K.L.:
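Here you go, one structure.
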Amino acid sequence: MKISLEIQRFNPEKDTEPYFQTYTVDADPSERLLMVLMHIKRTQDPTLCFRKSCAHGVCGSDAMVVNGTENLACKTLVKDIMAHGQAAIRIEPLKTLPVQRDLMVDQTRFLDNYMKVKPYFIAKSSPPGKERIQPPEKHAVIEEGTRCILCASCYSACPVVQKKNPQFLGPAAVVQASRFVHDSRDEGFEERLPQLDHPDGVWPCENHFQCTRVCPRGIRVTREINLTKQKIEAYRKQGGPA
Amino acid sequence: MVVKEFDVVIVGAGGAGLYAALEAGKAARTAVLSKIYPVRSHTGAAQGGIGAALGNVEEDKPLWHAFDTVKGGDYLADQDAAMVLAEEAVRAVYDLEHRGLPFSRTPDGLIDQRRFGGHTRNLGEAPVHRSCYAADRTGHMILQTLYQQCIKNNVSFYNEFQVLDVIIQDKKCAGIVVLDLTSGNIITFKAKAVLFATGGMGRMFKITSNAYANTGDGQAVLVRRGIPLEDMEFFQFHPTGIRGMGILITEGVRGEGGILRNAAGEPFMQRYSPTLLDLAPRDIIARAIQTEIRQGRGIKGDGSVDDYVHLDAAHLGREVIRSKLPDIAGFVRTYLAMDPAEQPMPVHPTAHYAMGGIPTDLEGRVLGDEHGSTVEGLYAAGECACVSVHGANRLGTNSLVDLIVFGRRAGMEIGRFVKEAAFARMPGDADEHAHKKIAGLKRPGKGPDPETIRNRMEQAMTAGVGIYRNGPDMKKAVEELKELRELFKEVRCRDAADRFNTALLDIFELGNLLDNAYIAAVSAENRRESRGAHSREDYPERDDANWLKHTLAWLDNDSIRIGYKPVTITRFTPKPRKY
């Protein structure tokens with residue numbers, strides 16, 4: 001069937017403002033949106049720019065705003081976005097991050113925030129000869145957070161980052177921190193505390209749940225943020241370092 | 001000429017590149033260049049596990065793992081390399097765990113292990129629990145863990161940098177020339193050591209599990225500068241890709257007990273592999289599926305190219321699928337609107353993995369000829385390399401083992417090498433070739449359509465150099481690829497921009513695929529036997545007397561020169577391969 005896409009264009013080398021360009025293309029309802037974009041790029045307009053790689057929702061390259069909602073283009077099927085009834089599918093770059101070209105955004109701020117939380121395993125004790133022991137129920141606590149692919153959908157959708165506090169660490173960075181501070185093997189909670197227990201750390205989150213709604217990996221992002229808040233509160237109650 | 005200088009430059013930020021960076025970066029100024037953000041690398045798509053004889057679930061030994069690797073590779077693997085792989089796998093898995101990798105656990109809190117194709121106990125008796133896994137996203141967790149460690153250790157990254165050329169003079173590597181995609185600038189990186197860890201090339205086929213980024217860049221750049229490529233005829237088709245899309249359904253589904261069935265509901269693997277059944281090596285299962293389809297027992301039954309079989313996991317139950325195969329369930333839900341706990345999954349083989357690539361020794365040093373001479377300062381690791389540890393067919397989980405074991409070994413060797421080594425002389429016009437190339441691509445005029453060339457390449461490779469091969473079909477593919485490479489010389493980039501010119505990147509990648517495909521097709525046509533993934537209808541038997549040897553292929557302008565080197569055989573005497 002024929003579908004129309006209104007895609008936001010911007011090339012800093014020649015445009016002063018972003019604008020929308022409409023493309024009409026033949027597409028199968030069960031086709032991935034990414035395939036439609038690739039088809040446009042390779043047969044109609046090679047200047048159309050976006051990022052992509054794995055094409056099945058695990059690399060996190062092709063997050064974009066589709067009909068107003070953050071989505072991975074490779075996890076979005078044509079039939080799902082045609083159901084809205086409007087004439088054209090509207091495709092925009094992620095919000096709150098500067099546009100580099102068309103649908104490509106500069107993720108520097110997003111990734112800098114991620115790096116602030118020391119998103120790596122911290123152990124003070126030296127490792128045993130074999131693996132560290134972790135019972136399945138303790139592993140289960142961190143499983144959800146480890147799914148994160150840093151696609152930045154949640155960061156784009158966050159009303160706090162958008163309207164109130166652009167300095168907020170953002171949902172993904174807190175998920176990444178949560179994955180470590182709740183890991184029974186990790187000993188880096190206090191090292192991460194200055195970034196997390198900070199006016200721009202976990203506290204700006206107001207439970208809008210937009211991050212949870214858009215996460216293409218099904219992570220209950222808001223829950224991870226609240227679990228991290230609770231851990232900090234419990235730590236304070238105990239009076240800080242033991 | 002814009003020049004940057006590092007002791008070590010690593011091209012590619014997947015498992016091998018990042019592990020090597022952690023090792024080399026301990027003592028040397030190290031930069032990692034990647035055409036995509038490191039966490040987007042295709043290592044992250046690996047699902048089912050990393051094989052290591054930990055023996056956490058049942059008795060296991062590295063020797064058994066090495067034997068399975070050699071037999072799985074139809075005796076073309078170098079056996080010293082297979083021993084290193086199996087022995088160091090154990091330490092590598094513990095090392096990843098110590099770096100925080102969230103492995104799935106046994107009830108006792110040990111790293112859990114599952115069964116996988118071709119991995120057996122006691123030299124072929126029965127499937128063994130050897131694959132250490134993190135649900136069905138083991139590669140994602142390895143990539144994340146290594147990237148996290150690189151952040152911790154302040155590794156320097158140059159993201160969205162595409163390698164265009166390597167500078168080799170007098171058998172010494174002086175550095176590389178790259179395109180900075182963010183600015184359009186061409187930059188020369190001078191280094192004492194360069195490691196290529198650029199991954200696979202599955203995008204030369206129509207249906208593939210591979211990412212768009214898997215275009216054989218490192219292999220192509222090196223072969224154009226006189227480095228041979230080894231065993232390029234051996235390309236793995238993973239038996240279970242989602243029908244029509246090629247998206248991978250992990251072998252872990254069968255490791256957990258999933259069963260392949262034909263249109264009659266028959267578990268057909270019992271006819272092809274009576275001992276290992278659905279856990280036979282991939283080449284055998286891919287051929288079995290193809291045979292079922294050809295003989296009219298596919299689900300459609302018409303034997304057409306999009307016919308398929310069923311992968312049945314419904315009997316595993318919802319809980320096993322939820323806890324051990326959650327991403328697979330997600331893919332099937334997203335792309336097929338199906339629930340694997342209720343319905344069988346429609347699958348057919350998908351182009352998956354290059355066993356061949358840049359020839360290296362056990363320390364990742366690139367070999368420049370059939371006599372084992374190394375090119376000083378030049379290294380390769382991971383899928384782009386050929387140690388050869390996978391021989392004619394890779395076993396499941398061994399790709400991740402390869403990245404970690406040989407990425408680390410290359411990184412350590414580089415660390416030793418750069419301490420003593422001086423910079424090789426970098427010519428003042430090192431970047432001239434790259435500048436000319438881009439100017440040529442951006443010259444006015446229309447030129448042939450790159451999309452047509454791409455489609456014809458995919459078609460030629462799929463039809464001629466697929467699961468089953470024969471002389472006339474391969475010859476046709478070779479002729480087609482020759483023509484396409486000629487046509488490609490006239491291609492122009494239809495985007496004039498400097499910054500983020502993804503159309504330009506697309507063209508470079510297409511050129512790289514064409515060179516790799518050409519070499520793969522010629523190497524395949526040349527090998528007159530069937531071994532592992534190279535299965536010829538006109539030469540159906542393995543022929544050890546004439547063909548127990550590695551192919552080396554050189555690209556001399558537009559023609560290919562073939563040579564050979566012997567297979568290293570230590571303790572496992574080649575035997576008929578039965579499962």
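When reading the values below, keep in mind they use all heavy atoms of this one structure, side chains included, and skip hydrogens, waters and symmetry mates. Every value quoted in this text rests on a predicted model; they were computed, and no experiment measured them.
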K.L.:
Checking Y147(B) against chain A: side chain, backbone, both or neither under 4.5 Å from a heavy atom?
P.N.:
side chain

K.L.:
Measure the CZ-OH distance between R99(B) and Y120(A) for me, rounded to the nearest 0.5 Å.
P.N.:
13.5 Å

K.L.:
Top residue by heavy-atom pair count (under 4.5 Å) with chain B, among C148(A), G218(A), P135(A)?
P.N.:
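Most heavy-atom pairs within the cutoff with chain B belong to C148(A).
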
K.L.:
Less than 4.5 Å to any heavy atom of chain B: does that hold for the side chain of H139(A), its backbone, both, or neither?
P.N.:
side chain

K.L.:
With rounding to the nearest 0.5 angstrom, report the CG to CG distance, D495(B) to L48(A).
P.N.:
10.0 Å

K.L.:
Does the side chain of E451(B) reach to within under 4.5 Å of the side chain of H39(A), using non-hydrogen atoms?
P.N.:
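Result no, sub-4.5 Å side-chain heavy-atom pair not found.
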
K.L.:
Look at R217(A) together with D327(B) and state whether they make a salt bridge at an N to O cut-off of under 4.0 Å.
P.N.:
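Looking at R217(A) and D327(B), the cut-off is met.
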
K.L.:
Between R91(B) and chain A, with a heavy-atom cut-off of 4.5 Å, which part of the residue counts as in contact: side chain, backbone, both or neither?
P.N.:
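For R91(B), neither part sits under 4.5 Å from chain A.
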
K.L.:
Given that the side chain runs from C-beta out, which part of N159(B) has a heavy atom under 4.5 Å from chain A: side chain, backbone, both or neither?
P.N.:
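For N159(B), no heavy atom lies under 4.5 Å from chain A.
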
K.L.:
Which one of M35(A), K52(A), K14(A) has the most heavy-atom pairs closer than 4.5 Å to chain B?
P.N.:
K52(A)

K.L.:
Name the region of A123(A), side chain, backbone, both or neither, that has any atom closer than 4.5 Å to a heavy atom of chain B.
P.N.:
neither

K.L.:
With under 30° as parallel and over 60° as perpendicular, where do the rings of H56(A) and H42(B) fit, or are they tilted in between?
P.N.:
perpendicular

K.L.:
Of all of D108(B), D498(B), T182(B), which one pairs up most often with chain A through heavy atoms under 4.5 Å apart?
P.N.:
D498(B)

K.L.:
Which region of Q176(A), side chain (C-beta onward) or backbone (N, CA, C, O), has a non-hydrogen atom less than 4.5 Å from a non-hydrogen atom of chain B, or is it both or neither?
P.N.:
side chain

K.L.:
Evaluate the side-chain contact (heavy atoms from CB on, under 4.5 Å) criterion for residues E131(A) and L110(B): first the C-alpha distance (whole Å), next the side-chain angles of each, then the deciding distance (0.1 Å), finally the verdict.
P.N.:
CA-CA 7 Å; E131(A) 67 268 63; L110(B) 302 174; 3.4 Å; yes

K.L.:
Which atoms of Y114(A) come close to chain B, meaning under 4.5 Å heavy atom to heavy atom: side chain ones, backbone ones, both, or neither?
P.N.:
side chain

K.L.:
Report which part of S30(A) has an atom under 4.5 Å of a heavy atom belonging to chain B: side chain, backbone, both, or neither.
P.N.:
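No part of it gets close to chain B.
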
K.L.:
Got a sec: does the NZ of K124(A) have more than 12 other heavy atoms crowding it under 6.0 Å?
P.N.:
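Enclosed.
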
K.L.:
Run F50(A) and T502(B) through side-chain contact (heavy atoms from CB on, under 4.5 Å) and show every step you take.
P.N.:
CA-CA 8 Å; F50(A) 50 90; T502(B) 50; over 6 Å; no

K.L.:
Mind ranking S53(A), C59(A), P127(A), G129(A) by heavy-atom pairs under 4.5 Å with chain B and telling me who comes out on top?
P.N.:
S53(A)

K.L.:
Could R185(A) and E97(B) be called an ion pair, given the rule that one side-chain N must be under 4.0 Å from one carboxylate O?
P.N.:
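A salt bridge is present here (some side-chain N lies under 4.0 Å from a carboxylate O).
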
K.L.:
As a quick check of understanding, evaluate side-chain contact (heavy atoms from CB on, under 4.5 Å) for I149(A) and V39(B), giving each step before the final call.
P.N.:
CA-CA 8 Å; I149(A) 54 175; V39(B) 290; over 6 Å; no

K.L.:
Got a second to check how far L181(B)'s CG is from R101(A)'s CZ, nearest 0.5 Å?
P.N.:
11.5 Å

K.L.:
Side chain, backbone, both or neither: which part of K75(A) has a heavy atom under 4.5 Å from chain B?
P.N.:
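Backbone plus side chain of K75(A), per the 4.5 Å heavy-atom cut-off to chain B.
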
K.L.:
Less than 4.5 Å to any heavy atom of chain B: does that hold for the side chain of R179(A), its backbone, both, or neither?
P.N.:
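R179(A) touches chain B through side-chain heavy atoms alone.
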
K.L.:
Does some side-chain heavy atom of E143(A) sit less than 4.5 Å from a side-chain heavy atom of R137(B)?
P.N.:
yes

K.L.:
To the nearest 0.5 Å, tell me how far Y212(B) OH sits from C54(A) SG.
P.N.:
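Between Y212(B) OH and C54(A) SG, I get 10.5 Å after rounding to 0.5 Å.
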
K.L.:
Which one of T47(A), L77(A), V58(A), D106(A) has the most heavy-atom pairs closer than 4.5 Å to chain B?
P.N.:
T47(A)

K.L.:
Tell me, for T106(B) versus chain A, whether the close heavy atoms (under 4.5 Å) come from the side chain, the backbone, both or neither.
P.N.:
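Just the backbone, heavy atoms under 4.5 Å.
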
K.L.:
So do the side chains of F180(A) and Q148(B) get within less than 4.5 Å of each other, counting heavy atoms only?
P.N.:
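They are in side-chain contact.
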
K.L.:
I'd like to know whether K118(A) forms a side-chain contact (heavy atoms from CB on, under 4.5 Å) with K152(B), so could you lay out the CA-CA distance, the side-chain angles of the two residues, the decisive distance to 0.1 Å, and finally the verdict.
P.N.:
CA-CA 7 Å; K118(A) 302 187 188 245; K152(B) 188 176 182 179; over 6 Å; no

K.L.:
Does K138(A) reach the main-chain N or O of G109(B) with its side chain, forming a donor-acceptor pair under 3.5 Å?
P.N.:
no

K.L.:
So for I142(A), is it side chain, backbone, both, or neither that comes closer than 4.5 Å to the heavy atoms of chain B?
P.N.:
side chain

K.L.:
Could you report the tightest heavy-atom contact between I151(B) and P119(A), atom names first, then the distance?
P.N.:
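Heavy atoms only, the tightest pair is CD1-CG, 4.1 Å.
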
K.L.:
Pick one of side chain, backbone, both or neither for I247(B), based on which atoms fall under 4.5 Å of a heavy atom in chain A.
P.N.:
side chain

K.L.:
Can you name the closest pair of heavy atoms from P102(B) and T146(A) and give their distance?
P.N.:
CG-CG2, 3.7 Å

K.L.:
I'd like to know if the side chain of R494(B) reaches the main chain of P46(A), judged simply by a donor and an acceptor atom lying under 3.5 Å from each other, with no hydrogens or angles considered.
P.N.:
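Not confirmed, R494(B) side chain does not pair with P46(A) backbone.
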
K.L.:
Can you say whether Y94(B) sits under 4.5 Å from chain A via the side chain, the backbone, both, or neither, judging by heavy atoms?
P.N.:
side chain

K.L.:
Side chain, backbone, both or neither: which part of H98(B) has a non-hydrogen atom closer than 4.5 Å to chain A?
P.N.:
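Looking at H98(B), backbone and side chain both touch chain A.
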
K.L.:
Measuring heavy-atom distances to chain A, does L101(B) have an atom under 4.5 Å in its side chain, in its backbone, in both, or in neither?
P.N.:
backbone

K.L.:
For the CZ atom of F500(B) and the CG atom of N11(A), what is their distance to the nearest 0.5 Å?
P.N.:
10.5 Å

K.L.:
Could you tell me which portion of D506(B) (side chain, backbone, both or neither) has an atom closer than 4.5 angstrom to a non-hydrogen atom of chain A?
P.N.:
side chain

K.L.:
Kindly give the heavy-atom pair with the smallest separation between L150(A) and R40(B), and that separation in Å.
P.N.:
O-NH2, 3.0 Å

K.L.:
As an exercise, state the distance from CZ of R499(B) to CE of M104(A), rounded to the nearest 0.5 Å.
P.N.:
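One finds 12.0 Å between CZ of R499(B) and CE of M104(A).
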
